[in-house]
Amino acid sequence: GAIPFALAALCGLIVGMIESMTGDTLRSAPRMILTCFGVCSLGAFLFWANTRKKVTARKQIAVWSLRSVSAILFIFAALIGLFDMVFRNPEHIVVMNNTKMVASVHAFLDVSVRYYQYKNALFYGKELGYEYYGSGGYDPFEEPQMPEPVYAKFDDSVGYFGGGQAG
């Protein structure tokens with residue numbers, strides 16, 4: 001019961017240390033997997049902790065209170081994890097001017113794409129550029145023809161070739 005929860009906490013701690021030491025950020029899919037693993041291991045831990053108690057008649061109210069708090073805690077963690085997964089920004093791997101990048105699409109009311117340095121399948125690095133596409137709620141990489149950005153700004157190291165303003 002406690003082992004999966006400890007493993008999830010250790011993974012979260014390792015990811016946090018890597019992010020703070022290198023400045024890299026965990027990508028979307030691995031973060032969703034870590035979140036799901038953390039929520040499931042929390043549920044397993046709470047179930048394990050609540051079934052280990054031997055209940056006597058005098059302790060019945062305290063045990064039910066503990067189980068109620070555990071259930072509320074698990075439901076709260078599951079809702080936060082679900083909310084995080086539903087509203088996670090889609091990511092695409094793109095190559096511009098021979099530079100491999102992670103493109104993170106933000107498409108709620110306005111559509112923008114932030115480009116980050118590709119590190120590996122788990123992490124991305126510093127921000128390299130930004131494109132703004134205007135109003136809408138779509139993913140420009142999933143359109144039949146890639147639309148032209150209204151505005152674009154990239155680091156000099158990347159260069160920029162494409163529509164819109166480059167700066």
Side-chain angles (χ1 to χ4, degrees), residues 2-46 73-167:
I3 293 172
F5 184 66
L7 185 61
L10 180 64
C11 288
L13 183 66
I14 290 171
V15 166
M17 287 175 32
I18 289 172
E19 286 181 342
S20 67
M21 289 174 21
T22 63
D24 296 344
T25 305
L26 190 63
R27 292 189 48 205
S28 184
R31 188 168 301 276
M32 282 193 278
I33 291 169
L34 186 60
T35 300
C36 287
F37 179 57
V39 169
C40 291
S41 65
L42 174 66
F45 174 72
L46 291 173
L73 179 64
F74 175 72
I75 290 169
F76 184 69
L79 288 174
I80 288 175
L82 182 64
F83 182 80
D84 180 53
M85 288 190 304
V86 167
F87 291 103
R88 174 95 23 212
N89 297 324
E91 292 179 350
H92 304 276
I93 305 300
V94 298
V95 177
M96 290 176 125
N97 278 355
N98 296 322
T99 303
K100 195 173 189 179
M101 297 183 246
V102 176
S104 179
V105 179
H106 304 265
F108 183 61
L109 296 175
D110 287 342
V111 179
S112 64
V113 178
R114 294 196 178 275
Y115 293 90
Y116 299 94
Q117 180 183 25
Y118 179 86
K119 291 289 187 165
N120 54 42
L122 298 177
F123 291 94
Y124 61 79
K126 68 176 185 157
E127 186 174 338
L128 298 175
Y130 171 85
E131 289 179 334
Y132 174 72
Y133 287 90
S135 297
Y138 63 93
D139 185 342
F141 293 97
E142 293 181 357
E143 294 295 307
Q145 185 173 351
M146 182 77 171
E148 292 289 323
V150 174
Y151 175 81
K153 181 177 172 127
F154 282 84
D155 280 355
D156 291 337
S157 63
V158 176
Y160 183 72
F161 62 97
Q165 284 181 295

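Along the sequence shown, the residues carry numbers beginning at 1.
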(request) Go through the side-chain N and O atoms of E91 and Y124 and say whether any donor and acceptor fall under 3.5 Å apart. (result) no
Rounded to the nearest 0.5 Å, how far apart are [atom1] of [X] and [atom2] of [Y]?
| X | Y | atom1 | atom2 | answer |
| --- | --- | --- | --- | --- |
| F74 | L79 | CZ | CG | 9.5 Å |
| F154 | L128 | CZ | CG | 8.0 Å |
| T25 | K126 | OG1 | NZ | 13.0 Å |

(request) Determine the sole option in V113, V111, D110 for which the side chain to side chain contact (heavy atoms under 4.5 Å, CB included) test with Y132 is passed. (result) D110
Return the minimal non-hydrogen interatomic distance between [X] and [Y], and the atom names on each side.
| X | Y | result |
| --- | --- | --- |
| A2 | F45 | CA-CD1, 3.7 Å |
| V105 | P140 | CG1-CD, 3.9 Å |
| S104 | N89 | OG-CB, 3.7 Å |
| G125 | K119 | N-CG, 3.6 Å |

(request) Evaluate the side-chain proximity of M101 to Q117: yes if any heavy-atom separation is below 4.5 Å, no if none is. (result) no
(message) Using side-chain heavy atoms (C-beta onward) and a distance below 4.5 Å, is Y151 in contact with Y130?
(response) yes
(request) Check the pair H92, F141 against side-chain contact (heavy atoms from CB on, under 4.5 Å), reporting the backbone distance first and the verdict last. (result) CA-CA 8 Å; H92 304 276; F141 293 97; 3.4 Å; yes
(message) Is the ring pair Y133/Y138 parallel, tilted or perpendicular, if the boundaries are 30 and 60 degrees?
(response) perpendicular
(message) Between R27 and E19, does any NZ, NE, NH1 or NH2 come within less than 4.0 Å of an OD or OE carboxylate oxygen?
(response) no
(message) Applying side chain to side chain contact (heavy atoms under 4.5 Å, CB included), can you list everything that pairs with L122, at least two apart in sequence or on another chain?
(response) L26, P30, N120
Show which side-chain atoms of residues 3-18 pair as donor or acceptor with protein atoms under 3.5 Å away, not counting sequence neighbours.
none

